[in-house]
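For reference, the structure discussed in these notes is given below.
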Amino acid sequence: MPCCFAGAKDTRIDKALGDSNLRIVFLLLGIQGSGKSTVFKYFSLCFLEVRFDQHGQPIQDDLEVERLAQAGEDTMLLSDLERKAFVPQIKHYILNATRAILRMMVSMKLDNTKIRESETFVTEYDSSLLDDFGQWDSWRELAYHIKQLLFSTSFQTAFRDTDESYLGIENAAHFFAILDRISEEYVPAEMEILRVGAATTRVNMRNFSTRDLKTPFCAIDVGGAREERRLKWAQCFRETTVVWFLVDCASYNTMTLEEPPQNKLVEAIDCFEILLENRWLKGTSFILILNKQDVLRKKVTEKSQKMPFSVFPDFSRFVVTEEELARFANSRDPHWKEKELVKYRLFIKHQFVDMFRRKSSLGDTEDQLRYNVEARPAGQQHKAALRKNITGNSALLYCPDQMRGLFPYEMTATDSLRDCSRLFREVREVVIQLSAASSHTPPA
(Lines give C-alpha, C1' and ligand atoms only; values in the text may rest on other atoms or scores of the structure.)
Protein backbone atom coordinates (compact mmCIF):
# COMPACT_ATOMS: atom_id res chain seq x y z
CA MET A 1 0.00 0.00 0.00
CA PRO A 2 1.28 3.55 -0.73
CA CYS A 3 0.64 4.77 2.81
CA CYS A 4 2.07 2.24 5.25
CA PHE A 5 3.31 3.60 8.57
CA ALA A 6 6.60 2.15 9.74
CA GLY A 7 10.20 3.12 10.07
CA ALA A 8 12.93 4.15 12.47
CA LYS A 9 11.77 5.96 15.60
CA ASP A 10 12.48 9.70 15.74
CA THR A 11 13.10 10.53 19.41
CA ARG A 12 12.65 14.27 18.73
CA ILE A 13 8.97 13.70 18.00
CA ASP A 14 8.43 11.79 21.25
CA LYS A 15 10.28 14.44 23.23
CA ALA A 16 8.27 17.31 21.73
CA LEU A 17 4.97 15.56 22.38
CA GLY A 18 5.96 14.35 25.82
CA ASP A 19 7.19 17.77 26.98
CA SER A 20 4.12 19.62 25.72
CA ASN A 21 1.78 18.28 28.44
CA LEU A 22 -1.22 19.41 26.37
CA ARG A 23 -4.70 17.91 26.36
CA ILE A 24 -5.52 18.85 22.75
CA VAL A 25 -3.24 17.89 19.87
CA PHE A 26 -4.24 18.69 16.27
CA LEU A 27 -2.43 16.44 13.79
CA LEU A 28 -2.46 17.72 10.19
CA LEU A 29 -2.28 14.84 7.71
CA GLY A 30 -2.81 14.39 3.98
CA ILE A 31 -0.81 13.35 0.96
CA GLN A 32 1.76 15.65 -0.60
CA GLY A 33 0.29 18.87 -2.02
CA SER A 34 -2.97 18.79 -0.03
CA GLY A 35 -2.28 22.15 1.68
CA LYS A 36 -1.23 21.08 5.19
CA SER A 37 1.55 23.64 5.50
CA THR A 38 -0.79 26.47 4.46
CA VAL A 39 -3.28 25.44 7.14
CA PHE A 40 -0.43 25.25 9.65
CA LYS A 41 0.42 28.86 8.76
CA TYR A 42 -3.23 29.74 9.36
CA PHE A 43 -3.01 28.26 12.83
CA SER A 44 0.06 30.40 13.46
CA LEU A 45 -1.74 33.55 12.27
CA CYS A 46 -5.29 33.05 13.55
CA PHE A 47 -4.34 32.65 17.19
CA LEU A 48 -1.82 35.46 17.54
CA GLU A 49 -2.47 37.73 20.49
CA VAL A 50 -1.35 40.95 18.76
CA ARG A 51 -2.68 42.51 15.58
CA PHE A 52 -1.49 45.60 13.72
CA ASP A 53 -3.37 48.52 12.18
CA GLN A 54 -2.73 49.88 8.69
CA HIS A 55 0.10 52.05 10.07
CA GLY A 56 1.88 49.08 11.62
CA GLN A 57 0.96 49.97 15.19
CA PRO A 58 0.18 47.02 17.51
CA ILE A 59 -3.39 46.46 18.75
CA GLN A 60 -3.93 44.21 21.76
CA ASP A 61 -7.51 45.23 22.57
CA ASP A 62 -10.09 42.92 20.96
CA LEU A 63 -12.68 45.72 21.08
CA GLU A 64 -10.40 47.97 19.03
CA VAL A 65 -9.95 45.20 16.45
CA GLU A 66 -13.74 44.83 16.23
CA ARG A 67 -14.19 48.62 15.94
CA LEU A 68 -11.71 48.81 13.04
CA ALA A 69 -13.42 45.87 11.32
CA GLN A 70 -16.81 47.59 11.57
CA ALA A 71 -15.25 50.76 10.15
CA GLY A 72 -14.02 48.78 7.14
CA GLU A 73 -10.35 49.03 8.12
CA ASP A 74 -8.28 45.88 7.82
CA THR A 75 -6.03 44.76 10.64
CA MET A 76 -2.86 42.78 10.02
CA LEU A 77 -1.72 39.73 11.91
CA LEU A 78 1.99 40.29 11.28
CA SER A 79 4.19 43.34 11.52
CA ASP A 80 6.10 44.61 8.46
CA LEU A 81 9.32 43.13 9.84
CA GLU A 82 7.70 39.73 10.35
CA ARG A 83 6.25 39.74 6.85
CA LYS A 84 9.58 40.72 5.28
CA ALA A 85 11.07 37.58 6.81
CA PHE A 86 9.02 35.55 4.29
CA VAL A 87 10.65 37.21 1.25
CA PRO A 88 13.32 34.48 0.80
CA GLN A 89 10.59 31.83 0.84
CA ILE A 90 8.71 33.70 -1.89
CA LYS A 91 11.89 33.93 -3.98
CA HIS A 92 12.45 30.18 -3.62
CA TYR A 93 8.86 29.52 -4.68
CA ILE A 94 9.29 31.61 -7.85
CA LEU A 95 12.58 29.91 -8.74
CA ASN A 96 11.20 26.41 -8.13
CA ALA A 97 8.06 27.15 -10.15
CA THR A 98 10.16 28.44 -13.05
CA ARG A 99 12.36 25.36 -12.99
CA ALA A 100 9.31 23.07 -12.89
CA ILE A 101 7.90 24.71 -16.02
CA LEU A 102 11.28 24.45 -17.75
CA ARG A 103 11.28 20.71 -17.04
CA MET A 104 7.84 20.47 -18.59
CA MET A 105 9.18 22.30 -21.66
CA VAL A 106 11.80 19.59 -22.05
CA SER A 107 9.26 16.77 -21.63
CA MET A 108 6.95 18.47 -24.16
CA LYS A 109 9.91 18.91 -26.56
CA LEU A 110 9.23 22.62 -27.06
CA ASP A 111 11.78 24.79 -28.84
CA ASN A 112 14.06 26.65 -26.43
CA THR A 113 16.55 28.12 -28.89
CA LYS A 114 15.67 31.76 -28.20
CA ILE A 115 15.71 31.40 -24.40
CA ARG A 116 18.64 29.01 -23.96
CA GLU A 117 20.78 31.59 -22.14
CA SER A 118 18.04 32.42 -19.62
CA GLU A 119 17.12 28.75 -19.25
CA THR A 120 20.73 27.89 -18.40
CA PHE A 121 21.03 30.78 -15.95
CA VAL A 122 17.85 29.82 -14.06
CA THR A 123 18.68 26.11 -14.03
CA GLU A 124 22.22 26.62 -12.70
CA TYR A 125 21.44 29.50 -10.32
CA ASP A 126 22.71 29.01 -6.75
CA SER A 127 19.46 29.02 -4.75
CA SER A 128 21.30 29.60 -1.46
CA LEU A 129 21.78 33.24 -2.56
CA LEU A 130 18.05 33.77 -2.13
CA ASP A 131 18.38 33.46 1.64
CA ASP A 132 20.83 36.38 1.83
CA PHE A 133 19.04 39.73 2.18
CA GLY A 134 22.18 41.45 0.88
CA GLN A 135 22.13 39.70 -2.51
CA TRP A 136 19.57 41.93 -4.24
CA ASP A 137 21.77 42.44 -7.33
CA SER A 138 21.86 38.68 -7.79
CA TRP A 139 18.07 38.52 -7.39
CA ARG A 140 17.52 41.27 -9.96
CA GLU A 141 19.64 39.34 -12.45
CA LEU A 142 17.64 36.18 -11.78
CA ALA A 143 14.34 38.10 -12.09
CA TYR A 144 15.51 39.50 -15.44
CA HIS A 145 16.07 36.00 -16.86
CA ILE A 146 12.77 34.74 -15.47
CA LYS A 147 11.01 37.61 -17.26
CA GLN A 148 12.77 36.66 -20.50
CA LEU A 149 11.35 33.18 -20.10
CA LEU A 150 7.88 34.56 -19.40
CA PHE A 151 8.00 36.43 -22.73
CA SER A 152 8.83 33.18 -24.54
CA THR A 153 6.07 31.43 -26.47
CA SER A 154 7.47 28.00 -25.55
CA PHE A 155 7.53 28.81 -21.84
CA GLN A 156 4.01 30.23 -21.97
CA THR A 157 2.78 27.11 -23.79
CA ALA A 158 4.31 24.79 -21.18
CA PHE A 159 2.85 26.91 -18.36
CA ARG A 160 -0.61 27.01 -19.95
CA ASP A 161 -0.79 23.31 -20.77
CA THR A 162 0.66 22.04 -17.48
CA ASP A 163 -1.54 20.93 -14.61
CA GLU A 164 -0.39 23.39 -11.95
CA SER A 165 -1.64 21.21 -9.09
CA TYR A 166 0.47 18.32 -10.41
CA LEU A 167 3.61 20.44 -10.03
CA GLY A 168 2.43 22.18 -6.87
CA ILE A 169 2.64 25.66 -8.40
CA GLU A 170 -1.00 26.78 -8.30
CA ASN A 171 0.00 30.31 -7.30
CA ALA A 172 2.87 30.77 -9.72
CA ALA A 173 0.89 33.13 -11.98
CA HIS A 174 0.38 35.57 -9.10
CA PHE A 175 4.07 35.73 -8.20
CA PHE A 176 5.16 35.99 -11.84
CA ALA A 177 2.84 39.00 -12.12
CA ILE A 178 4.46 40.80 -9.16
CA LEU A 179 8.05 39.97 -10.09
CA ASP A 180 8.99 43.65 -10.49
CA ARG A 181 7.67 44.48 -7.00
CA ILE A 182 10.05 42.13 -5.21
CA SER A 183 12.87 44.44 -4.14
CA GLU A 184 14.49 45.76 -0.96
CA GLU A 185 11.27 47.66 -0.13
CA TYR A 186 8.92 44.75 -0.79
CA VAL A 187 6.70 43.74 2.14
CA PRO A 188 4.55 40.68 1.31
CA ALA A 189 0.83 40.83 1.96
CA GLU A 190 -0.43 38.21 4.39
CA MET A 191 -2.31 36.41 1.63
CA GLU A 192 0.93 36.24 -0.39
CA ILE A 193 2.61 34.58 2.56
CA LEU A 194 -0.15 31.99 2.62
CA ARG A 195 0.10 31.44 -1.14
CA VAL A 196 3.70 30.26 -0.87
CA GLY A 197 3.88 26.51 -0.64
CA ALA A 198 6.82 24.23 0.04
CA ALA A 199 7.15 20.51 0.65
CA THR A 200 7.35 19.68 4.35
CA THR A 201 10.34 17.45 5.13
CA ARG A 202 10.20 17.62 8.92
CA VAL A 203 7.69 17.62 11.76
CA ASN A 204 6.56 21.17 12.53
CA MET A 205 4.98 21.74 15.95
CA ARG A 206 3.58 24.84 17.56
CA ASN A 207 1.89 25.33 20.93
CA PHE A 208 -1.01 27.79 21.27
CA SER A 209 -2.38 29.41 24.39
CA THR A 210 -4.72 32.39 23.97
CA ARG A 211 -6.84 34.55 26.24
CA ASP A 212 -10.10 32.96 25.12
CA LEU A 213 -8.81 29.39 25.09
CA LYS A 214 -8.80 27.76 28.52
CA THR A 215 -7.38 24.51 27.16
CA PRO A 216 -4.15 25.10 25.18
CA PHE A 217 -3.44 23.01 22.12
CA CYS A 218 -0.62 21.95 19.86
CA ALA A 219 -0.73 21.82 16.04
CA ILE A 220 1.53 19.32 14.28
CA ASP A 221 2.31 19.43 10.56
CA VAL A 222 3.89 16.28 9.13
CA GLY A 223 5.12 15.92 5.56
CA GLY A 224 2.78 14.11 3.16
CA ALA A 225 5.29 12.52 0.80
CA ARG A 226 5.33 8.72 0.94
CA GLU A 227 8.69 8.58 2.71
CA GLU A 228 7.48 11.10 5.32
CA ARG A 229 4.30 9.09 5.90
CA ARG A 230 6.25 5.88 6.31
CA LEU A 231 8.80 7.27 8.75
CA LYS A 232 7.01 9.87 10.86
CA TRP A 233 3.22 9.69 10.86
CA ALA A 234 2.72 6.77 13.24
CA GLN A 235 4.92 8.36 15.92
CA CYS A 236 2.37 11.17 16.31
CA PHE A 237 -0.75 9.00 16.58
CA ARG A 238 -0.75 8.14 20.30
CA GLU A 239 -0.98 11.73 21.52
CA THR A 240 -3.46 12.93 18.87
CA THR A 241 -6.81 14.35 19.94
CA VAL A 242 -8.13 15.18 16.46
CA VAL A 243 -6.79 14.49 12.96
CA TRP A 244 -7.19 17.23 10.36
CA PHE A 245 -7.13 15.29 7.09
CA LEU A 246 -6.65 17.58 4.09
CA VAL A 247 -7.66 16.70 0.54
CA ASP A 248 -6.72 18.51 -2.65
CA CYS A 249 -10.11 18.36 -4.39
CA ALA A 250 -8.59 19.57 -7.64
CA SER A 251 -6.40 16.45 -7.85
CA TYR A 252 -9.17 14.21 -9.20
CA ASN A 253 -7.47 14.06 -12.62
CA THR A 254 -3.85 14.45 -11.47
CA MET A 255 -1.13 11.85 -11.07
CA THR A 256 1.22 11.62 -8.11
CA LEU A 257 4.80 12.79 -8.61
CA GLU A 258 6.12 9.71 -6.82
CA GLU A 259 4.25 7.17 -8.97
CA PRO A 260 2.88 8.87 -12.11
CA PRO A 261 0.22 6.25 -13.01
CA GLN A 262 -1.34 6.64 -9.54
CA ASN A 263 -4.23 9.12 -9.29
CA LYS A 264 -3.72 11.63 -6.43
CA LEU A 265 -7.33 11.59 -5.24
CA VAL A 266 -7.31 7.78 -5.19
CA GLU A 267 -4.12 7.87 -3.14
CA ALA A 268 -5.74 10.33 -0.71
CA ILE A 269 -8.77 8.01 -0.31
CA ASP A 270 -6.49 5.00 0.26
CA CYS A 271 -4.49 6.94 2.83
CA PHE A 272 -7.69 8.03 4.63
CA GLU A 273 -8.83 4.39 4.76
CA ILE A 274 -5.57 3.26 6.37
CA LEU A 275 -5.85 6.00 8.97
CA LEU A 276 -9.40 4.95 9.83
CA GLU A 277 -8.17 1.40 10.36
CA ASN A 278 -5.21 2.35 12.54
CA ARG A 279 -5.69 1.02 16.08
CA TRP A 280 -4.23 4.14 17.71
CA LEU A 281 -6.84 6.32 15.98
CA LYS A 282 -9.93 4.25 16.76
CA GLY A 283 -11.19 6.83 19.26
CA THR A 284 -10.00 9.87 17.33
CA SER A 285 -12.31 12.21 15.42
CA PHE A 286 -11.45 13.52 11.95
CA ILE A 287 -11.80 17.04 10.58
CA LEU A 288 -12.03 16.47 6.82
CA ILE A 289 -10.83 19.59 5.00
CA LEU A 290 -11.88 19.47 1.34
CA ASN A 291 -9.33 21.99 0.16
CA LYS A 292 -8.56 23.96 -3.02
CA GLN A 293 -12.18 24.54 -4.01
CA ASP A 294 -11.10 27.47 -6.20
CA VAL A 295 -8.79 25.29 -8.29
CA LEU A 296 -11.52 22.64 -8.52
CA ARG A 297 -13.98 25.21 -9.89
CA LYS A 298 -11.43 26.40 -12.44
CA LYS A 299 -10.88 22.85 -13.65
CA VAL A 300 -14.57 21.97 -13.87
CA THR A 301 -15.33 25.04 -15.96
CA GLU A 302 -12.60 24.07 -18.43
CA LYS A 303 -13.92 21.38 -20.75
CA SER A 304 -10.51 19.66 -20.94
CA GLN A 305 -10.44 19.03 -17.19
CA LYS A 306 -13.22 16.47 -16.82
CA MET A 307 -13.42 13.58 -14.36
CA PRO A 308 -11.45 10.50 -15.57
CA PHE A 309 -14.22 7.89 -15.79
CA SER A 310 -11.64 5.09 -16.01
CA VAL A 311 -10.54 5.98 -12.47
CA PHE A 312 -13.98 6.92 -11.07
CA PRO A 313 -16.56 4.90 -13.05
CA ASP A 314 -19.31 5.71 -10.51
CA PHE A 315 -19.16 9.41 -11.33
CA SER A 316 -21.36 9.07 -14.44
CA ARG A 317 -24.08 7.43 -12.32
CA PHE A 318 -23.79 9.89 -9.43
CA VAL A 319 -26.88 12.08 -9.11
CA VAL A 320 -27.25 15.21 -6.97
CA THR A 321 -30.62 15.08 -5.25
CA GLU A 322 -32.92 18.07 -4.98
CA GLU A 323 -32.47 17.96 -1.22
CA GLU A 324 -28.70 18.23 -1.53
CA LEU A 325 -29.02 21.07 -4.01
CA ALA A 326 -31.41 22.88 -1.66
CA ARG A 327 -28.88 22.41 1.14
CA PHE A 328 -26.29 24.22 -0.97
CA ALA A 329 -28.73 27.04 -1.67
CA ASN A 330 -29.66 27.39 2.01
CA SER A 331 -25.98 27.59 2.96
CA ARG A 332 -25.67 30.68 0.75
CA ASP A 333 -22.96 29.03 -1.27
CA PRO A 334 -22.16 31.47 -4.13
CA HIS A 335 -21.80 28.65 -6.66
CA TRP A 336 -24.84 26.53 -5.77
CA LYS A 337 -26.44 27.18 -9.18
CA GLU A 338 -23.44 25.63 -10.97
CA LYS A 339 -24.86 22.11 -10.97
CA GLU A 340 -21.86 20.48 -12.63
CA LEU A 341 -19.53 21.97 -10.00
CA VAL A 342 -21.89 20.90 -7.19
CA LYS A 343 -21.82 17.36 -8.59
CA TYR A 344 -18.01 17.28 -8.50
CA ARG A 345 -17.89 18.67 -4.99
CA LEU A 346 -20.45 16.23 -3.61
CA PHE A 347 -18.96 13.24 -5.42
CA ILE A 348 -15.50 13.89 -3.97
CA LYS A 349 -16.99 14.49 -0.53
CA HIS A 350 -18.96 11.24 -0.70
CA GLN A 351 -15.79 9.23 -1.38
CA PHE A 352 -14.54 10.07 2.12
CA VAL A 353 -17.90 10.16 3.91
CA ASP A 354 -18.83 6.73 2.55
CA MET A 355 -15.40 5.39 3.53
CA PHE A 356 -15.89 6.63 7.10
CA ARG A 357 -19.38 5.10 7.16
CA ARG A 358 -18.13 1.70 6.02
CA LYS A 359 -15.17 1.61 8.40
CA SER A 360 -17.34 2.76 11.30
CA SER A 361 -20.15 0.27 10.54
CA LEU A 362 -22.74 3.00 10.10
CA GLY A 363 -25.94 2.39 8.14
CA ASP A 364 -26.70 3.47 4.60
CA THR A 365 -29.87 5.47 5.19
CA GLU A 366 -29.83 9.25 5.13
CA ASP A 367 -31.14 9.44 8.70
CA GLN A 368 -28.28 7.29 9.96
CA LEU A 369 -25.76 9.42 8.07
CA ARG A 370 -26.94 12.59 9.74
CA TYR A 371 -25.42 13.60 13.03
CA ASN A 372 -27.90 13.38 15.90
CA VAL A 373 -26.81 15.53 18.83
CA GLU A 374 -29.31 13.96 21.21
CA ALA A 375 -27.92 10.50 20.51
CA ARG A 376 -24.45 11.56 21.62
CA PRO A 377 -23.57 9.70 24.87
CA ALA A 378 -22.37 12.73 26.79
CA GLY A 379 -23.51 15.34 29.32
CA GLN A 380 -25.99 18.13 28.67
CA GLN A 381 -23.30 20.81 28.61
CA HIS A 382 -21.34 18.85 26.01
CA LYS A 383 -24.43 18.34 23.83
CA ALA A 384 -25.43 21.99 24.08
CA ALA A 385 -21.98 23.12 22.94
CA LEU A 386 -22.07 20.75 19.98
CA ARG A 387 -25.58 21.88 19.06
CA LYS A 388 -24.49 25.51 19.16
CA ASN A 389 -21.42 25.00 16.98
CA ILE A 390 -22.32 22.38 14.40
CA THR A 391 -26.08 22.38 13.96
CA GLY A 392 -26.74 22.52 10.24
CA ASN A 393 -23.67 20.55 9.21
CA SER A 394 -25.81 17.72 7.84
CA ALA A 395 -22.86 15.72 6.51
CA LEU A 396 -21.40 15.26 9.98
CA LEU A 397 -21.18 11.62 11.09
CA TYR A 398 -20.73 10.15 14.52
CA CYS A 399 -19.87 6.60 15.50
CA PRO A 400 -20.84 6.04 19.16
CA ASP A 401 -19.21 2.59 19.33
CA GLN A 402 -15.79 3.95 18.40
CA MET A 403 -16.30 7.35 20.08
CA ARG A 404 -15.28 9.33 17.01
CA GLY A 405 -16.86 11.58 14.42
CA LEU A 406 -16.22 12.99 10.97
CA PHE A 407 -16.53 16.75 10.38
CA PRO A 408 -16.30 17.64 6.66
CA TYR A 409 -15.57 21.26 5.67
CA GLU A 410 -14.93 22.82 2.28
CA MET A 411 -12.37 25.59 2.05
CA THR A 412 -9.90 27.44 -0.11
CA ALA A 413 -6.89 27.90 2.11
CA THR A 414 -5.63 30.99 0.29
CA ASP A 415 -8.98 32.67 -0.27
CA SER A 416 -10.10 34.67 2.74
CA LEU A 417 -8.15 34.97 5.98
CA ARG A 418 -11.23 36.23 7.81
CA ASP A 419 -13.44 33.35 6.60
CA CYS A 420 -10.81 30.74 7.43
CA SER A 421 -10.27 32.28 10.86
CA ARG A 422 -14.00 31.89 11.51
CA LEU A 423 -13.87 28.26 10.38
CA PHE A 424 -10.89 27.47 12.59
CA ARG A 425 -12.49 29.01 15.66
CA GLU A 426 -15.70 27.08 15.05
CA VAL A 427 -13.84 23.81 14.64
CA ARG A 428 -11.67 24.58 17.63
CA GLU A 429 -14.71 24.91 19.89
CA VAL A 430 -16.14 21.63 18.62
CA VAL A 431 -12.81 19.90 19.19
CA ILE A 432 -12.57 21.23 22.74
CA GLN A 433 -15.92 19.60 23.48
CA LEU A 434 -14.97 16.34 21.77
CA SER A 435 -11.62 16.13 23.54
CA ALA A 436 -13.34 15.51 26.88
CA ALA A 437 -14.64 12.17 25.58
CA SER A 438 -11.69 11.22 23.36
CA SER A 439 -9.93 7.97 24.14
CA HIS A 440 -6.43 7.16 22.88
CA THR A 441 -6.20 3.69 24.40
CA PRO A 442 -5.94 1.12 21.60
CA PRO A 443 -8.21 -1.89 21.64
CA ALA A 444 -6.79 -5.09 23.02
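Throughout, residue positions are numbered sequentially from 1 according to the sequence presented. Owing to the predicted nature of the structure, the values given are computational and were not obtained by experimental measurement.
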Less than 4.5 Å apart, any side-chain heavy atom of Phe315 and any of Pro308?
no

Should Asn112 and Met105 count as side-chain neighbours, where that means a heavy-atom distance under 4.5 Å?
yes

Considering all heavy atoms of both residues, which atom of Asp126 and which atom of Ser128 are nearest to each other, and what is their separation?
OD1-OG, 2.7 Å

Restricting to side-chain contact (heavy atoms from CB on, under 4.5 Å), what partner residues turn up for Ser152, sequence neighbours left out?
Ile115, Ser154, Phe155

Non-hydrogen side-chain atoms of Leu246 and Leu288 separated by less than 4.5 Å:
no

Phe121 and Leu142, any side-chain heavy atoms less than 4.5 Å apart
yes

Any donor-acceptor pair under 3.5 Å linking the side-chain atoms of Tyr186 with those of Glu192?
yes

Could you go through Val243 and Leu29, starting from their C-alpha distance and side-chain angles, then the distance that decides it, and tell me whether this counts as side chain to side chain contact (heavy atoms under 4.5 Å, CB included)?
CA-CA 7 Å; Val243 171; Leu29 300 178; 3.9 Å; yes

Taking the side chain as everything from C-beta on, heavy atoms only, tell me whether Ile31 gets closer than 4.5 Å to Lys264.
yes

Apply side-chain contact (heavy atoms from CB on, under 4.5 Å) to Phe318 and list each qualifying residue two or more places apart in sequence or on a separate chain.
Val320, Lys343, Leu346, Phe347, His350

Minimum heavy-atom separation for Lys36 and Val222, please, with both atom names.
CE-O, 2.9 Å

Side-chain donor or acceptor of Asp221 paired with backbone N/O of Phe40 under 3.5 Å:
no

Tell me every residue that passes side-chain contact (heavy atoms from CB on, under 4.5 Å) with Thr321, counting only those two or more places apart in sequence or in another chain.
Glu323, Glu324

So which atom in Ala189 and which in Arg83 form the shortest heavy-atom distance, rounded to 0.1 Å?
CA-NH1, 4.1 Å

Between the main-chain N or O of Thr120 and the side-chain N or O of Thr123, is there a donor-acceptor pair closer than 3.5 Å?
no

Any side-chain heavy-atom pair of Asn291 and Cys249 under 4.5 Å:
no

Met411 side, atom CE; Leu290 side, atom CG - distance, nearest 0.5 Å
10.5 Å

Pairs flagged by salt bridge (Lys or Arg N to Asp or Glu O under 4.0 Å) wherever residues 87-108 is involved - sequence neighbours left out
none

Residues which pass side-chain hydrogen bond (donor to acceptor under 3.5 Å, both in side chains) with Ser118, listed by chain and number, not counting sequence neighbours
His145

Counting C-beta onward and ignoring hydrogens, is there a side-chain heavy-atom pair between Gln156 and Leu150 closer than 4.5 Å?
no

Flag this pair as yes if the NZ/CZ of Lys299 is under 6.0 angstrom from the six-membered ring centre of Tyr252 and inside a 45 degree cone about the axis; otherwise no.
yes

Please collect all salt bridge (Lys or Arg N to Asp or Glu O under 4.0 Å) contacts where either partner lies in residues 132-152, sequence neighbours excluded, each pair once.
Asp137-Arg140, Arg140-Glu184, Lys147-Asp180

Applying side chain to side chain contact (heavy atoms under 4.5 Å, CB included), run through Arg345 and Gln293 and close with a yes or a no.
CA-CA 8 Å; Arg345 288 166 61 179; Gln293 295 292 322; 3.4 Å; yes

Residues Thr157 and Met108: closest non-hydrogen pair is O-CE, 4.4 Å

Ring pair (Phe, Tyr, Trp, His ring centres under 6.0 Å) between Phe176 and Phe159, intermediate numbers included
CA-CA 11 Å; Phe176 287 154; Phe159 188 27; 5.6 Å; yes

Could you state the interatomic distance from CG (Leu179) to OH (Tyr144), rounded to the nearest 0.5 Å?
13.0 Å

Is the distance between the ring centroids of Tyr93 and Phe175 under 6.0 Å?
yes

Straight-line distance of Ser34 OG to Ile289 CD1, nearest 0.5 Å
10.5 Å

Checking side chain to side chain contact (heavy atoms under 4.5 Å, CB included) for the pair Ile94/Ile182: CA distance, chi angles, key distance, verdict?
CA-CA 11 Å; Ile94 294 172; Ile182 302 177; 3.4 Å; yes

If we check ring-ring contact (aromatic ring centres under 6.0 Å, His included) with Phe286, which of these qualifies: Phe245, Phe272, Trp244?
Phe272

Which heavy-atom pair separates Leu281 from Leu275 by the least distance, and what is that distance?
CD1-O, 3.6 Å

Report the distance from atom OG of Ser183 to atom CH2 of Trp136, rounding to the nearest 0.5 Å.
6.0 Å

Flag the pair Pro408 / Lys349 as yes when at least one side-chain heavy-atom distance between them is below 4.5 Å, and no otherwise.
yes

Please check: side-chain N/O of Glu340 versus main-chain N/O of Val300, any donor-acceptor pairing under 3.5 Å?
no

To the nearest 0.5 Å, what is the distance between OG (Ser138) and OH (Tyr125)?
2.5 Å

Note: Val242 and Thr284 closest approach over all heavy atoms is CA-CG2, 3.9 Å

Verify side chain to side chain contact (heavy atoms under 4.5 Å, CB included) between Leu265 and Phe312, making sure each step is shown before the conclusion.
CA-CA 10 Å; Leu265 184 57; Phe312 299 101; 3.6 Å; yes

Going from OG1 on Thr256 to CD on Glu267, what distance comes out if it is rounded to the nearest 0.5 angstrom?
5.5 Å

